[in-house]
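It should be emphasised that the depicted structure is a prediction, and the values quoted were computed from it without experimental measurement.
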Amino acid sequence: MELFGDRASAGAVLAEALLGCHDETVSCWPGGTHPADPLRPDPDEELHLLARGIRLRVLHAHAARHQPAARAHLERLTAAGAEVRTMAEPFGALTVVDRTVGFLPHPAVADGAVRVREEATVAFLHRVFEQAWERAEPFEGPGDGPVRDELHRTILSLLSEGVRDETIARRLGMSLRTCRRHIADIFKDLGAESRFQAGYLTGRRGGPVSERPPRDH
């Protein structure tokens, strides 16, 4: 494991790995936007990978579907051949290149990165991505109904645990205003006027929405 404590060196080692990619790159981004990030391939690098015939899979938060800049970026990726899926709460930031090298956030430096090359650890990171990928919704798939249901299930679960609105918004990669709009929609769907009442009504009805059936693959 190697630590790179500044944006320049972190970006350089990621660019080097991407340049040498022969097969596939997978990335997970819990935030709904696409800011400059030492762990995140530059949009031009992503398009270059696709142009070289590299398989690119990207996992984002559902919130990206409703943020114009993020959605436009994901639309460009899918148009170029990338596979994009979203889920309510991705597990964390990650990039794995060719199942041989992984990149994680630096534990202490916001602009840094950790490069992992140990075979068993990289295999574990890739498996974590695959498990999340199987549960995620295709970005180019059916309408937002299943996405909205899963998002509301997640928010209601977090509310029932006493998590603050600000924390929920941060974990789901959305603005506080958007988060509170979803909460208002959940209360309206349940006919509730408070978190306590929402939890009570959810218990009586067995949940705000039915569980989604397993994805066929």
Side-chain angles (χ1 to χ4, degrees), residues 26-35 37 39-40 57-71 73-74 84-95 104-108 110 124-215:
V26 300
S27 294
C28 178
W29 304 112
T33 58
H34 192 74
D37 188 303
L39 278 181
R40 181 175 300 184
R57 289 189 288 161
V58 182
L59 183 61
H60 272 260
H62 284 331
R65 294 173 180 256
H66 308 292
Q67 298 171 352
R71 185 177 183 91
H73 172 70
L74 298 185
V84 179
R85 293 186 181 181
T86 67
M87 62 192 309
E89 189 178 5
F91 57 85
L94 168 71
T95 291
L104 296 167
H106 193 288
F124 171 78
L125 295 175
H126 194 274
R127 187 162 62 250
V128 169
F129 176 89
E130 290 287 1
Q131 290 173 348
W133 183 259
E134 291 297 314
R135 301 194 305 272
E137 289 284 350
F139 179 70
E140 71 280 13
D144 284 345
V147 170
R148 178 182 182 275
D149 288 349
E150 182 187 1
L151 192 57
H152 283 193
R153 273 200 305 273
T154 303
I155 291 174
L156 190 54
S157 175
L158 293 171
L159 288 173
S160 69
E161 295 171 9
V163 180
R164 293 170 57 87
D165 296 357
E166 293 82 358
T167 303
I168 295 174
R170 184 174 64 253
R171 287 176 58 171
L172 302 188
M174 63 180 65
S175 69
L176 179 59
R177 181 178 179 181
T178 298
C179 178
R180 285 176 171 164
R181 187 168 66 246
H182 281 297
I183 292 172
D185 289 343
I186 292 170
F187 285 8
K188 181 178 179 181
D189 290 344
L190 292 171
E193 297 181 357
S194 67
R195 297 183 185 215
F196 176 81
Q197 190 177 18
Y200 173 74
L201 292 173
T202 299
R204 290 189 61 185
R205 299 181 187 185
V209 290
S210 60
E211 292 295 328
R212 187 182 63 201
R215 184 185 304 286

Angle between ring planes, Phe129 versus Trp133, binned at 30° and 60°: parallel, tilted or perpendicular? parallel
dist Arg164:CZ -> Arg171:CZ (nearest 0.5 Å) comes out at 14.0 Å
Working to the nearest 0.5 Å, report the span between CZ of Arg170 and CD of Glu166. 8.5 Å
Could you check whether any side-chain heavy atom of Ile168 comes within less than 4.5 Å of a side-chain heavy atom of Leu176, counting everything from C-beta outward? no
Counting C-beta onward and ignoring hydrogens, is there a side-chain heavy-atom pair between Leu94 and Val128 closer than 4.5 Å? no
CZ/Phe91: more than 12 non-hydrogen atoms of other groups inside 6.0 Å: yes
If every non-hydrogen atom of Ala136 is compared with every non-hydrogen atom of Arg85, which pair is closest and at what distance? CB-CB, 3.6 Å
Correct closest heavy-atom pair for Ala70 and Ala64 would be CB-O, 3.8 Å
Residue pair Thr178 / His182, side-chain heavy-atom distance below 4.5 Å: yes
One should read off an interatomic distance between Glu137 CD and Leu59 CG, to the nearest 0.5 angstrom, of 11.5 Å
Heavy-atom check, side chain of Arg71 versus side chain of Leu74, under 4.5 Å: no
Cys179 and Asp165 have their tightest heavy-atom pair at SG-O, 3.8 Å
Nearest atoms (heavy-atom pairs only) where Ala61 meets Ala88: CB-O, 4.3 Å
For Ala93 and Pro105, which heavy atoms make the closest approach, and how far apart are they? O-CD, 3.5 Å
How far does CG of Leu172 sit from CE of Met87, to the nearest 0.5 angstrom? 11.0 Å
Going by distance alone, is a donor N or O of one side chain under 3.5 Å from an acceptor N or O of the other, for Thr86 and His60? no
What distance do Ile155 atom CD1 and Leu151 atom CG have between them, rounded to the nearest 0.5 Å? 4.0 Å
Looking at CG of Leu125 and OG1 of Thr95, how far apart are the two atoms once the value is rounded to the nearest 0.5 Å? 10.5 Å
